[in-house]
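Data first, discussion second: the structure below is written as structure tokens.
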Protein chains: 2
Amino acid sequence: MNTPSIPEVTNAESEADKTGEKMKIILNLARDLNQFCPVRDVVHRISDKWSLLSILALGTHGTLRFNQLKKEIGDVSQRMLTVTLRNLEEDGFISRKIYAEVPPRVEYKLTEMGQGLMEQTLQLADWANKQLPQIIASRNKFRNLR
Amino acid sequence: MNTPSIPEVTNAESEADKTGEKMKIILNLARDLNQFCPVRDVVHRISDKWSLLSILALGTHGTLRFNQLKKEIGDVSQRMLTVTLRNLEEDGFISRKIYAEVPPRVEYKLTEMGQGLMEQTLQLADWANKQLPQIIASRNKFRNLR
DNA sequence: CCGGATCCTTCATGATACTG
DNA sequence: CAGTATCATGAAGGATCCGG
């Protein structure tokens, strides 16, 4: 029905104000390491080796079967792709549809929330790309000082 | 019954376009696992156990000495905090100023890029918070189906 | 006070073999 | 085709001791 679009928060001026608010929230949430921390949780989910690639592949192609996805990603083992997909499914980022056929067929696609996650990730990616030269420079500088 | 607010489709087309562009970029970058991948790199940097908390603590307090930072975070070991700070420093997210005194004093603070990283993280955190109920619901549902 | 060096534990990843 | 089961391994995290 509705493709999740990004709300108009990305204003440079109001961002400073909102940053303060957000900071309080995340600080409280991040501090309680023993409790449920959504931020750490989401970061952890996308930080493993294959989740991002899986999400991006599904985001690009819409719907993929297991082996299509495997081929698309390339060097992922069967086991790790299964694990990755289960985790993403568990959190509701992808949906899994099983067809009772012979041979079996299973189709994966992003849920609406999964698309939201992808967009968040793309924003971060966008930022990361812009910082890339500076990061590389910083690393080289750091190396030379040691 | 508070579903996370999904904005209406205001400018779905331009957003979709932008997303498509970004996707191509990140896909190419993410695919070359052997090469340098800024996205994976940044995600990896903030996904370890203490980086986020360190960044947030410094973002909140501006400048902190080592033990202040350690106390602020709470349950981090001396070693891991050192490692974390070195990594963040290496990439240029924090700066480290050493005072040649006895006893030694070292002050840490976010660089400009570090503040940018924090803001990116806060945006992700904001999104994660909104999705939290849905994620929890999905997990419970998943558990019950097994 | 800050942090390097060492050793140890735990967990994610992966190679391989097997199954409905 | 799409998994599950088992075993091996390497990296991350952590405890502890040492040093400037």
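Because the structure is a prediction, the values reported are computed rather than measured. Every heavy atom of this structure was used, including side-chain atoms; hydrogens, water molecules and symmetry mates were not. Numbered from 1 within each chain, the chains take letters A, B, ... in sequence-line order.
Contact annotation: Trp50(A) side-chain N/O to dA12(C) OP1/OP2 distance is not under 4.0 Å. At dC2(C), none of the side-chain N or O atoms of Lys70(B) fall inside 4.0 Å of OP1 or OP2 (strictly under the cut-off). Proximity of Tyr108(B) to the phosphate of dC1(C): no side-chain N or O atom is located under 4.0 Å from OP1 or OP2. Remark: Arg79(A) is not in phosphate contact with dT16(C), judged by side-chain N or O atoms under 4.0 Å from OP1 or OP2. Regarding contacts with the backbone of dA2(D), every side-chain N or O of Arg86(A) stays at 4.0 angstrom or more from both OP1 and OP2.
Between Glu107(A) and Lys109(A), no side-chain nitrogen of the basic residue sits less than 4.0 Å from a carboxylate oxygen of the acidic one, so the salt-bridge criterion is not met. Lys130(A) has a carboxylate O that lies under 4.0 Å from a charged side-chain N of Asp126(A), or vice versa, which qualifies the two as a salt bridge.
Screening Glu89(B), Arg96(B), Gln68(B) for a side-chain contact (heavy atoms from CB on, under 4.5 Å) involving Tyr108(B) leaves a single residue, Arg96(B). For the pairing with Leu117(A), the side-chain contact (heavy atoms from CB on, under 4.5 Å) check across Asp91(A), Ile55(A), Thr111(A) returns one residue only, Ile55(A).
Checking Ser47(A) against Asn67(B), the closest nucleotide of DNA chain C that is more toward the 5' end is the one next to Asn67(B). Each of Ser77(B) and Val106(A) was matched to the nucleotide of DNA chain D holding its nearest heavy atom; the match closer to the 5' end belongs to Val106(A).
Between the CE atom of Met80(A) and the C1' atom of dA11(D) there is a distance of 14 Å, given to the nearest Å. Rounded to whole Å, atom P of dG13(D) lies 13 Å from atom CG of Leu81(B). Following rounding to the nearest Å, Glu107(A) (CD) and dC1(D) (C1') show an atom-to-atom distance of 13 Å. Between Arg40(B) atom CZ and dT13(C) atom P there is a gap of 10 Å when expressed in whole angstrom units. When rounded to the nearest whole Å, the span between CZ of Arg45(A) and P of dA12(C) equals 11 Å. Atom pair Lys49(A):NZ and dA11(D):C1' shows a separation of 11 Å (rounding to whole Å applied). Here dG13(D) presents its C1' atom at 15 Å from CG of Leu85(B), a figure rounded to the nearest Å. Following rounding to the nearest Å, Leu52(A) (CG) and dT13(C) (P) show an atom-to-atom distance of 12 Å.
In this structure, the nucleotide among dC1(D), dT13(C), dG3(D) sitting nearest to the side chain of Pro103(A) is dC1(D). Ranking dG13(D), dC2(C), dC1(D) by closeness to the Arg65(A) side chain, first place goes to dC1(D).
Using a 4.0 Å heavy-atom distance criterion, Gln78(A) is classed as a base contact.
Judged purely by atom type and a 3.5 angstrom limit, Thr82(B) uses its side chain to pair as donor or acceptor with the backbone of Gln78(B).
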